Amino acid sequence: VVHAVLLAPLDYPHGERLVAVETLWTSTVQANTDVSGPDFLDWQAQKNVFELLAHSNGEDEMATTVNGRGSFGNLRSVSADFFEVFGLPPAAGRLLTGADTLRPATGPLATDTPTLVPAVVGHSWAVTNFGSAEAAVDKTFVLYRNPVRIVGVAASGFQHPDATNIWIPNGPTNRTNRNAQTYQVVGRLRAGISITGAQAEMHVVGDRLAAQYPGNRFKNVALIPLQERVTGSVQSTLWMLMAAAGLTLVIGCANIANLLLARSTIRTREMALRSALGAGRGRLVRQLLTESGVLAGAASLAGIVLAYVLVQGLVAWSPANLPRLDG
């Protein structure tokens, strides 16, 4: 579990170049995931740092009606380049593009519009509600009392940010209010630029914006590797469980070693008899190693089977917001 969640690289092309771009409050030296629209547009203009930059916003547990059944979905409204940042092809249909950008006063949160809003849904959500990813394309459902048409299904396992399973196009980015921290931003760094170098360049940009706009007086920019941001909430817990598992293994090995040593004291006569019958020291050592190998092999086989069963149980019982659960 530690390997799949914390150590394995992100399953995206150029995953090492993906970063969460956040507001750094200089008064507290704390990064916050929420970003204002004008700040996003200023950062997006830094073409020497970012290859692509996109934002999202929304909320969990939005009321949905699919095939006449009421349920809930985790919704995010995303900007035009959102899916292109990650570089994953759709499992079926197509992904959202700039042509899908909603005009003001439309979308599922504007309950007075009958417009069919295009949406991309998560793979597992599509399978649960329609049987397969392909069957979900071009189907409609109701999201917060408004009709939505599914234009595509995201790649299996993709659910950024958090446990999102419904994505719709965002409206035009807020260009005026620097105090409205409403977006979460993800970007892909340009090839050849390290995150340290990118952070240094964006720090200069943040200082310039702080001097230019009163609303940015206590703000700068923080770049967090996306893998660190995705797994940050569970890192300490998983490493603590890993340490506990390692300690249990050490205790178990010490107990078995003591049992084998105790058993060897009552086999002294057996070893002496074997030696008298012509068994050399090497032969006796090979016998003991064979016995230990059989014991270790049987224990390892049982451990693998038990681990497989327990991991499946962990996946089945884990909360949906456990990062990288599909891994």
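This is a predicted model, so every value here is computed, not measured.
- A heavy-atom distance below 4.5 Å is not found between the side chains of L226 and V19.
- Distance check, rounded to the nearest 0.5 Å: CZ of F72 to CG of N165 gives 12.5 Å.
- Of all heavy-atom pairs between V21 and V35, the closest is O-CG2, 3.7 Å.
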Open item on the list: Show, in sequence, the C-alpha distance, side-chain angles and deciding distance for D81 and R188, and conclude whether the salt bridge (charged side-chain N to carboxylate O under 4.0 Å, His left out) test is met.
Closed with: CA-CA 11 Å; D81 294 330; R188 189 168 75 207; over 6 Å; no

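- Between F86 and H160, the distance from one ring center to the other falls under 6.0 angstrom.
- Between atom OG1 of residue T23 and atom CD of residue Q30 there is a gap of 13.0 Å, rounded to the nearest 0.5 Å.
- With hydrogens and angles left out, the side-chain atoms of N57 and Q184 include no donor and acceptor closer than 3.5 Å.
- At least one side-chain heavy atom of N174 sits less than 4.5 Å from a side-chain heavy atom of T176.
- Within 6.0 Å of CZ in R267 there are more than 12 heavy atoms belonging to other residues, nucleotides or ligands.
- Between V120 and V151 the shortest side-chain heavy-atom distance falls below 4.5 Å.
- The pair R175-D42 fails the salt-bridge criterion, with no side-chain N (NZ, NE, NH1 or NH2) lying under 4.0 Å from an Asp/Glu carboxylate O.
- The line from CE of M271 to OG1 of T268 is 8.5 Å long, rounded to the nearest 0.5 Å.
- Put simply, the side chain of V66 reaches to within 4.5 Å of the side chain of W125, judged on heavy atoms.
- Environment of CZ in R269: sparse, with no more than 12 heavy atoms of neighbouring residues, nucleotides or ligands closer than 6.0 Å.
- Side-chain N/O atoms of D162 and N74 include no donor and acceptor closer than 3.5 Å.
- With rounding to the nearest 0.5 Å, the separation of CD in E84 from CG in L53 is 12.5 Å.
- Atoms CG and CD, on L18 and E16 in that order, are 8.0 Å from each other to the nearest 0.5 Å.
- Residues V121 and W167 have side chains not in contact (no heavy-atom distance under 4.5 Å, counting atoms from C-beta outward).
- Taking the side chain as every heavy atom from C-beta outward, L6 and W239 approach each other to under 4.5 Å.
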TODO: Show your working on salt bridge (charged side-chain N to carboxylate O under 4.0 Å, His left out) between R17 and E51 and close with a plain yes or no.
DONE: CA-CA 10 Å; R17 290 160 51 193; E51 194 171 280; 2.8 Å; yes

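- The aromatic rings of F158 and F82 sit perpendicular, their planes meeting at an angle over 60°, well past the 30° parallel limit.
- The side-chain heavy atoms of L143 and M62, taken from C-beta on, include a pair separated by under 4.5 Å.
- The shortest side-chain heavy-atom distance between W25 and K219 falls under the 4.5 Å cut-off.
- Between the CD atom of Q199 and the OG atom of S194 there is a distance of 10.5 Å, given to the nearest 0.5 Å.
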